[in-house]
Structure formats: structure tokens, C-alpha cells
Amino acid sequence: MRALVWHGKEDIRCDTVTDPDIEDGRDVIIKVTSCAICGSDLHLFHNFIPAMLPGDVMGHETMGEVVETGRGLNGKLKKGDRVVVPFTIVCGECDQCKRGYFSVCQRSNRKKHLADKVFGHTTAGLFGYTHLTGGYPGGQAEYLRVPFADSTVQKVPEGIPDEKLLFLSDIFPTGWQAAVQADIQPTDTVAIWGCGPVGQMTIRSAVLLGAEQVIAIDHLPERLEMAEAGGAITINFDEENVVERLNELTGGEGPQKCIDCIGMESHVTPAMPDTVYDRAKQIFLAESDRPHVLREMIYVCRPGGLISIPGVYGGLADKIPMGAAMNKGLTFRMGQTHVQRWTADLLRRIEEEQIDPSFVITHEVPLDRGPEMYRTFRDKQDSCIKVVLKP
């Protein structure tokens with residue numbers, strides 16, 4: 001089969017690789033009908049996340065049709081079922097899964113010894129996302145093996161286009177969880193840093209959850225226009241001082257809720273000297289992440305407020321103002337998304353036309369154009385916000 005394969009830093013190729021086989025009774029094989037490139041894939045593209053190996057298949061936003069099943073599924077899935085595949089692989093049986101903490105499933109990471117060493121304790125297995133999370137082949141491919149399929153996948157109905165359903169695999173539930181864990185109240189101002197795909201879903205989730213005011217921060221015109229269309233007040237950090245503008249919009253009090261949809265790769269610009277400092281430390285391998293957004297959120301968040309972090313951080317971040325965070329009494333909530341906790345409800349919202357997640361798609365191309373589109377997405381060329389690939 002054809003798949004997008006990691007060969008090293010900034011080297012993704014469309015290769016022919018071995019077709020997946022059933023390895024366990026709870027496995028299924030799906031024929032991929034749609035997949036996507038995620039901002040988290042760019043962290044791997046830049047080799048900022050450790051434990052990628054040449055030959056690893058990329059991708060964790062996938063949907064398709066079941067074409068082969070293991071013998072241990074007891075009729076829960078069958079050939080021909082249409083499914084969305086969340087990026088989190090979950091057993092459904094461990095203590096964490098029973099509590100709904102699916103992204104920290106205790107059984108699905110087949111490289112548990114690596115995760116234990118790096119994180120202190122294992123987290124869940126993830127598709128196409130380094131050997132720290134199991135080294136599972138990803139879904140930017142013609143076929144995908146899904147372990148623990150009866151707990152992992154979400155069956156979806158016929159009659160709804162892939163483009164409306166695909167993002168149940170990651171960015172829609174990620175944006176939703178980011179907003180839900182912010183505990184949004186009707187009087188809240190919610191400030192969201194980053195208007196990429198996850199940021200766009202977070203904006204619409206915050207609006208659906210009833211925030212009084214949603215403020216979106218970015219500098220790319222096409223992203224800011226999309227954010228404004230979703231109901232946000234926008235701040236272009238190339239043209240306005242973020243701290244001053246947020247204080248102006250909140251009567252000098254600051255937003256109650258701040259959401260980081262950027263993570264480890266804050267934009268580098270001399271106008272924000274700490275980003276230059278971080279980039280220099282990255283070059284000398286003295287720091288792995290660029291946490292400008294995290295610093296700024298701590299500074300502007302209203303005392304007693306809450307910071308939600310769906311943006312991915314990969315390792316060590318420097319100069320975090322913990323004194324300000326502690327003295328202001330800020331609450332932090334973060335983590336990989338517990339996708340399976342949200343998919344059924346979000347599918348209902350799509351069916352009821354509360355939201356159409358396909359609004360975020362700007363490019364739809366064949367799988368073999370994937371390597372080219374990684375660069376287009378990275379460089380924000382051609383007003384690129386979200387790429388869907390068709391195997």
C-alpha cells in the first residue's frame with residue numbers, strides 16, 4: 001500500500017509499504033477514505049518530538065471502512081462499517097479508561113517502558129506519533145490496523161460526507177475539550193491563542209458553550225477572518241499589543257479563561273524577544289519548546305482564572321513565570337484529548353447541524369501529494385489552514 005513515511009527531519013515521502021495484518025482478536029483493518037495533516041504532525045516533521053524512526057508511517061486523523069476484523073470483537077464491528085478512528089488507542093478496561101481518561105490508557109502503549117522512563121508513567125498509545133506512544137503506524141495511508149478497535153473507533157452513519165465527520169478523530173474533540181475544561185461561564189471572556197485548526201474548533205466550542213466574549217489571537221489574515229466568522233473578536237499580534245488590547249476588552253481585569261492552542265512552537269519574531277531567546281536555546285539543544293504563549297497567558301489571565309492547554313508541549317520549557325501563576329491563584333488544565341469521551345455527543349451535534357466542522361478545510365488533495373502539502377501547511381502558503389488527503 002501507499003503511505004506517508006517519516007525518513008528524518010523535514011523528509012516525508014509517499015512510499016510503498018507492507019499492508020497491515022490482523023495481529024490480535026480485537027483488531028480491525030480499515031480502508032482509509034480520508035485522512036488529514038495535523039499541526040501535531042509538524043512537530044514530528046521538524047523532529048521536535050523524540051523517538052521517531054525512519055520508516056514510521058505518519059498520521060492520526062483518519063476515517064474509513066472496515067474491511068477485515070479479528071475474532072474477538074463479538075459482533076461489535078463488522079466488514080462494511082463506516083468508522084472514524086480517534087488518535088487515542090484505548091483498551092476500555094483499565095482504571096483510566098473506566099474513569100474516562102482515555103488519553104492515559106494504561107494498556108494500549110506497546111512501548112510502555114519508554115513512556116515510563118520519559119514521563120514517569122505510561123500514557124496511551126497513539127497512531128503515527130513516535131515510539132514514546134507506542135510506535136503505531138499512522139493513518140496517512142491506504143489501510144490502517146486499529147488495535148482495541150471495539151473501544152477505540154466511533155461508528156458513523158452513511159449519508160454524511162467524510163469532510164463533516166473526519167475531524168471527530170482529533171481537532172473537533174480537542175477544541176471541545178479545551179473549552180469544556182475551561183469551565184466556561186455565561187459571564188466569561190475567553191481568550192484563545194492560535195487560530196489554526198484546533199483554535200478554530202475551540203472558538204466555536206466556546207461560543208456553543210455560551211461564553212460572553214471570545215477573543216482570538218493570531219497574525220495570519222485568513223485565520224483571523226475565519227475566527228471572526230466563527231464569532232470571535234480578533235487580535236493581530238503583528239499590529240496590536242496583545243496585553244494592552246486584552247486589558248482594553250476586559251476593562252483592565254484580564255480574561256477569566258485563557259486557552260493555548262499553539263503549544264511548543266510559538267511564532268518567532270523580534271517583536272517578542274523571548275521567542276528569539278527560545279529559538280536560540282533550541283538551536284543549542286538547551287531547550288525543546290518555545291512557550292511564549294504560556295508566559296503571556298499567565299501574565300494576562302485574571303487572578304483566580306483558568307488556563308487550558310490543548311497545544312502540544314514536547315519536553316523542556318524555560319522561564320515559566322510560576323511565581324505569577326501561584327500568586328494569582330491560576331488553575332491549569334491540560335493533556336492529550338480523551339477523544340472517546342466526546343465523540344458520540346459531537347457526532348450528534350453534527351447530525352443536528354449545530355456545527356459543520358468541514359468549514360476549516362482549505363485544501364483537499366490525493367495522498368501522493370502529501371509531502372508537498374506538509375511544506376505548504378508548514379509555510380502557511382496558499383492560505384492553507386487544513387489539508388485533507390484522499391488515498
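Listed for the S288 side chain is a donor-acceptor partner under 3.5 Å among the backbone atoms of L316. Under the 3.5 Å distance criterion, the side-chain polar atoms of R341 are matched with a main-chain donor or acceptor of G100. Between the side chain of T337 and the main chain of V339, no donor-acceptor pair closer than 3.5 Å is present. Side chain of D188 to backbone of V190: no donor-acceptor contact under 3.5 angstrom is found. Between the side chain of D81 and the backbone N or O of V66, no donor-acceptor pair lies under 3.5 Å. At distances below 3.5 Å, at least one donor-acceptor pair connects side-chain atoms of N109 with backbone N or O atoms of K111. Judged purely by atom type and a 3.5 angstrom limit, D170 has no side-chain atom pairing as donor or acceptor with the backbone of E61.
A salt bridge between R13 and D11 is present, with a side-chain N of the basic residue lying under 4.0 Å from a carboxylate O of the acidic one. We find that R2 and D15 are not joined by a salt bridge, their nearest charged nitrogen and carboxylate oxygen being 4.0 Å or further apart. Ion pairing between a basic and an acidic side chain is recognised when a charged N comes within 4.0 Å of a carboxylate O; D95 and R99 show no such pairing. In this structure, R369 pairs ionically with E372, as a charged nitrogen and a carboxylate oxygen lie closer than 4.0 Å.
Between the OG atom of S34 and the CE atom of M63 there is a distance of 6.5 Å, given to the nearest 0.5 Å. Rounded to the nearest 0.5 Å, atoms NE2 (H7) and CG (L53) are 12.5 Å apart. Within the model, atoms NZ of K319 and CG of D274 stand 11.0 Å from one another, a figure rounded to the nearest 0.5 Å.
Here the shortest heavy-atom pairing between K31 and V67 reads CB-CG1, 3.8 Å. In terms of heavy atoms, L209 sits closest to A179 at CD1-CB, 3.7 Å. Summarising the geometry of S358 relative to E163, their closest heavy-atom pair is CB-O, 3.5 Å, with the distance given to 0.1 Å.
Within the cation-pi definition used here (under 6.0 Å to the ring centroid, within 45° of the axis), R110 qualifies as a partner of Y136. Both the sub-6.0 Å distance and the 45° axial angle are not jointly satisfied by R290 relative to the ring of Y313.
Applying the salt bridge (charged side-chain N to carboxylate O under 4.0 Å, His left out) test to residues at least two apart or on different chains, the pairs with a partner in residues 219-233 are D218-R223. Applying the salt bridge (charged side-chain N to carboxylate O under 4.0 Å, His left out) test to residues at least two apart or on different chains, none of the pairs has a partner in residues 44-59.
Exactly one residue among E240, E239, E296 makes a salt bridge (charged side-chain N to carboxylate O under 4.0 Å, His left out) with R245. That residue is E240.
A side-chain donor-acceptor contact under 3.5 Å links Q154 and T343. Side-chain polar atoms of Q181 and S308 form a donor-acceptor pair below 3.5 angstrom. Judged purely by distance below 3.5 Å, without hydrogens or angles, the side chains of Q140 and D41 pair a donor atom with an acceptor atom. Side chains of T275 and H292: no donor on one and acceptor on the other come within 3.5 Å. Side-chain atoms of T122 and D116 form no donor-acceptor pair, as typed in the model, at a separation below 3.5 Å.
By the rule that hydrophobic residues join a cluster once side-chain heavy atoms approach within less than 4.5 Å of another member, I298 and V242 end up as members of one cluster. Hydrophobic clustering (side-chain heavy atoms under 4.5 Å, transitive across Ile, Leu, Val, Met, Phe, Trp, Tyr) keeps M334 apart from V198. Under the 4.5 Å side-chain contact rule for hydrophobic residues, V180 and Y101 do not share a cluster. L77 and V90 fall into different hydrophobic clusters, where Ile, Leu, Val, Met, Phe, Trp and Tyr side chains are chained together by heavy-atom contacts under 4.5 Å. In this structure, I29 is a member of the same hydrophobic cluster as V57, with clusters built from ILVMFWY side-chain heavy atoms closer than 4.5 Å.
In this structure the side chain of L346 reaches within 4.5 angstrom of the side chain of P173, judged on heavy atoms. At least one side-chain heavy atom of L347 sits less than 4.5 Å from a side-chain heavy atom of P157. Side-chain contact between I309 and R333 is absent, with no heavy atoms from C-beta onward closer than 4.5 Å. At a threshold of 4.5 Å between non-hydrogen side-chain atoms, the residues M1 and T16 do not count as touching. The shortest side-chain heavy-atom distance between M326 and K328 does not fall under the 4.5 Å cut-off. The shortest side-chain heavy-atom distance between S169 and P86 does not fall under the 4.5 Å cut-off. Side chains of V214 and I192 form a contact here, defined as non-hydrogen atoms less than 4.5 Å apart. At a threshold of 4.5 Å between non-hydrogen side-chain atoms, the residues D318 and Y277 count as touching.
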Are R302 and T189 close enough, and set up right, to give a side-chain hydrogen bond (donor to acceptor under 3.5 Å, both in side chains), and what steps lead you there?
CA-CA 10 Å; R302 186 174 302 194; T189 290; 5.6 Å; no
From CA spacing to verdict: side-chain contact (heavy atoms from CB on, under 4.5 Å), M52, F45:
CA-CA 10 Å; M52 287 293 288; F45 184 71; over 6 Å; no
Worked check of salt bridge (Lys or Arg N to Asp or Glu O under 4.0 Å) between R107 and E93:
CA-CA 9 Å; R107 293 180 55 199; E93 298 171 345; 2.5 Å; yes
Applying side-chain contact (heavy atoms from CB on, under 4.5 Å) to T152 and Q340, what does each step give before you reach the verdict?
CA-CA 7 Å; T152 296; Q340 289 82 355; 4.0 Å; yes
For side-chain contact (heavy atoms from CB on, under 4.5 Å), just list the numbers for Q354 and L208, CA-CA rounded to whole Å, side-chain angles, deciding distance to a tenth of an Å, and then say yes or no.
CA-CA 9 Å; Q354 293 183 33; L208 280 171; 4.2 Å; yes
Salt bridge (Lys or Arg N to Asp or Glu O under 4.0 Å) between R378 and E265, intermediate numbers included:
CA-CA 11 Å; R378 177 196 62 187; E265 290 191 79; over 6 Å; no
Could you walk me through whether D27 and V146 pass side-chain contact (heavy atoms from CB on, under 4.5 Å), step by step?
CA-CA 5 Å; D27 287 356; V146 182; over 6 Å; no
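For F87 and H60, the distance between ring centers is under 6.0 angstrom. In this structure, H363 has its ring center no closer than 6.0 Å to that of F377. Here F48 and H43 keep their ring centres 6.0 angstrom or further from each other.
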